[in-house]
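Residue numbering restarts at 1 for every chain, and letters A, B, ... go by the order of the sequence lines.
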2 protein chains.
Amino acid sequence: MESAARRPRTRIQQEKRELILEAALEVFSVNGFRGSTVDQIAEAAGMSKPNLLYYFRSKEDIHVTLMQRLLDTWLAPLRELDDVGDPMTELRSYIRRKLEMARDFPRESRLFANEILQGAPRVMPMLEGELKVLVDEKVGVIKGWMRAGKIARTDPYHLIFSIWATTQHYADFDVQVRAVLGPDRGADGRFEDAARFLEQLYLNGLKPAR
Amino acid sequence: MESAARRPRTRIQQEKRELILEAALEVFSVNGFRGSTVDQIAEAAGMSKPNLLYYFRSKEDIHVTLMQRLLDTWLAPLRELDDVGDPMTELRSYIRRKLEMARDFPRESRLFANEILQGAPRVMPMLEGELKVLVDEKVGVIKGWMRAGKIARTDPYHLIFSIWATTQHYADFDVQVRAVLGPDRGADGRFEDAARFLEQLYLNGLKPAR
DNA sequence: CTAACGTTTGTCCAATCGGTCAAAATTTGC
DNA sequence: GCAAATTTTGACCGATTGGACAAACGTTAG
């Protein structure tokens with residue numbers, strides 16, 4: 001049992017670790033790291049605390065594992081931003097994908113937001129490394145589009161930031177959005193309206209001058 | 001001493017309560033409510049824990065007081081959005097003011113973000129009440145501008161959400177923004193670039209269709 | 001000066017925290 | 001079916017948590 005944490009051998013270990021990560025996502029995404037307790041996660045996973053700590057060495061171990069998995073899926077939409085496609089179509093697809101992620105994986109978005117809000121103590125290296133490299137690359141693509149006159153000239157970094165902000169807002173600030181809009185319009189309607197608005201804003205906002 | 005918390009009488013109580021709120025803002029905005037300890041706040045305020053609890057009945061009492069004050073100043077820019085001014089000028093001013101608040105009061109922004117992320121357990125009534133009323137009113141103003149053909153027709157609620165998201169992003173996700181942009185450009189430069197980008201995005205994006 | 005009031009502190013408390021450990025229960029390989 | 005390996009649990013640990021409290025200390029009005 002010396003390596004239960006590093007490479008799950010049995011079927012049970014595989015399943016239970018997944019169960020724990022799912023429960024931890026639920027708890028961490030609401031309360032943050034310091035605000036969450038191992039007992040809460042264990043209860044959400046339907047097991048005792050010592051049993052949970054048999055599968056993960058520590059609370060931090062769970063969080064680190066969760067964050068590593070998260071970043072990959074989280075950056076996938078940006079990775080797909082393609083040089084060869086039509087710029088406006090590419091950007092619209094990117095915005096739509098990011099908005100769908102905010103709708104379908106709000107807990108992941110909130111977990112990430114919590115981590116960043118607290119100064120990114122556990123993912124700073126990934127931000128300065130992997131993330132920066134990816135953004136720099138895509139900024140190059142966008143600059144190419146601007147030079148070719150396909151979209152308006154503007155700051156590509158802040159363009160990406162604004163897309164992140166506007167889309168993730170619907171996951172991170174969901175309760176505020178719901179409070180302001182009222183209960184009339186359901187979740188589907190909210191995201192439809194958001195998609196329509198953002199599409200209009202960015203397509204008009206980035207239309208090349210001339 | 002029965003009413004130390006409700007209405008400060010002495011000069012010392014006035015000052016010490018301010019000192020504590022300032023320290024609590026520092027601590028809460030980084031660690032969230034559950035992640036912060038009374039000891040941390042007391043130390044940041046330069047006093048002992050029992051002394052702090054002489055001025056505020058409980059940890060929650062501090063947080064509630066902080067949130068009440070926060071919402072007023074936080075909504076001030078939206079309150080200033082004026083019906084009679086030129087629409088584009090008004091919107092540009094609003095965006096600029098919100099961005100300045102993200103720059104000058106990042107701790108307040110993060111405190112608010114933390115609260116919303118955790119489901120707004122302590123400010124939900126204010127969101128559904130005060131905030132919703134204000135937004136509904138300003139949505140009316142914006143709709144008027146659209147009917148008059150002054151700005152493009154679009155969803156006013158999501159327009160406001162997007163302005164909130166894009167501006168507060170620079171406070172809440174500051175470490176991520178810094179990590180991606182690198183140390184080359186200082187804080188002033190970042191906000192200058194952001195202001196320029198957002199102005200372009202919204203002025204073009206909301207230009208009335210002709 | 002001094003009595004009354006406001007302020008500060010040291011000490012203490014029950015509850016909860018993350019985590020350990022040995023023993024019990026269960027599953028698995030043969 | 002049985003022994004070995006894996007999984008689960010109850011009891012427990014020291015550290016930290018939010019908060020209580022009385023005693024000590026300062027301040028101020030008469």
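- As rounded to whole Å, 13 Å separates atom C1' of C:dG19 from atom CD1 of A:Ile41.
- Listed candidates were C:dG19, C:dC17, D:dT7. Nearest to the side chain of A:Tyr55 is D:dT7.
- Map A:Arg34 and A:Gly46 each onto its nearest nucleotide of DNA chain D; the residue landing nearer the 5' end is A:Gly46.
- Sequence order on DNA chain C of the closest nucleotides to A:Asp39 and A:Pro50 puts A:Asp39 first from the 5' end.
- The phosphate of D:dT7 (OP1 or OP2) has a side-chain N or O of A:Gln13 nearer than 4.0 angstrom.
- Listed pair B:Tyr54 / C:dT7 meets the phosphate criterion, a side-chain N or O lying under 4.0 Å from OP1 or OP2.
- The side chain of B:Ser48 places an N or O atom within less than 4.0 Å of a non-bridging phosphate oxygen (OP1 or OP2) of C:dT9.
- Formation of a donor-acceptor pair under 3.5 Å by the A:Lys138 side chain with backbone atoms of A:Leu81 is found in this model.
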Just the table, please: protein N/O against nucleotides 27-30 of chain C N/O, every pair under 3.5 Å.
{"unit_1": "C:dT28", "atom_1": "OP1", "unit_2": "A:Arg11", "atom_2": "NH2", "d": "3.2"}

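- Straight-line distance from the CD1 atom of B:Ile20 to the C1' atom of D:dG18: 15 Å, rounded to whole Å.
- Taking atom CD of residue A:Glu43 and atom P of nucleotide C:dC17, one finds them 11 Å apart after rounding to whole Å.
- Side-chain atoms of B:Glu90 come within 3.5 Å of backbone N or O of B:Asp82 as a donor-acceptor pair.
- Using modelled atom types, one side-chain atom of A:Lys59 and one backbone atom of A:Phe33 make a donor-acceptor pair closer than 3.5 Å.
- Taking the six-membered ring for Trp and thresholds of 30 and 60 degrees, B:Phe173 and B:His169 have nearly parallel ring planes, at less than 30 degrees apart.
- For B:Gln40 and D:dT16, the CD to P distance is 12 Å, given to the nearest whole Å.
- For A:Lys49 and B:Asn51, each mapped to the nucleotide of DNA chain C holding its nearest heavy atom, the one lying further toward the 5' end belongs to B:Asn51.
- At whole-Å resolution of the value, NZ in B:Lys59 and P in D:dA20 are 14 Å apart.
- Remark: side-chain polar atoms of B:Arg96 are not paired, donor with acceptor, to backbone N or O of B:Ala195 under 3.5 angstrom.
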Enumerate, atom names and distances included, each donor-acceptor pair closer than 3.5 Å involving a side-chain atom of residues 112-121 of chain B, sequence neighbours excluded.
{"unit_1": "B:Asn114", "atom_1": "ND2", "unit_2": "B:Ser29", "atom_2": "O", "d": "3.4"}
{"unit_1": "B:Glu115", "atom_1": "OE2", "unit_2": "B:Arg122", "atom_2": "N", "d": "2.7"}
{"unit_1": "B:Glu115", "atom_1": "OE2", "unit_2": "B:Val123", "atom_2": "N", "d": "3.4"}

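- Remark: B:Asp104 pairs with no residue by the salt bridge (Lys or Arg N to Asp or Glu O under 4.0 Å) rule, at least two apart or across chains.
- What separates CE of B:Met47 from P of C:dG10 is a distance of 14 Å, to the nearest Å.
- Between the CZ atom of B:Phe33 and the C1' atom of D:dT17 there is a distance of 12 Å, given to the nearest Å.
- When the P atom of D:dT7 is taken as reference, atom CD of A:Glu15 falls 11 Å away, rounded to whole Å.
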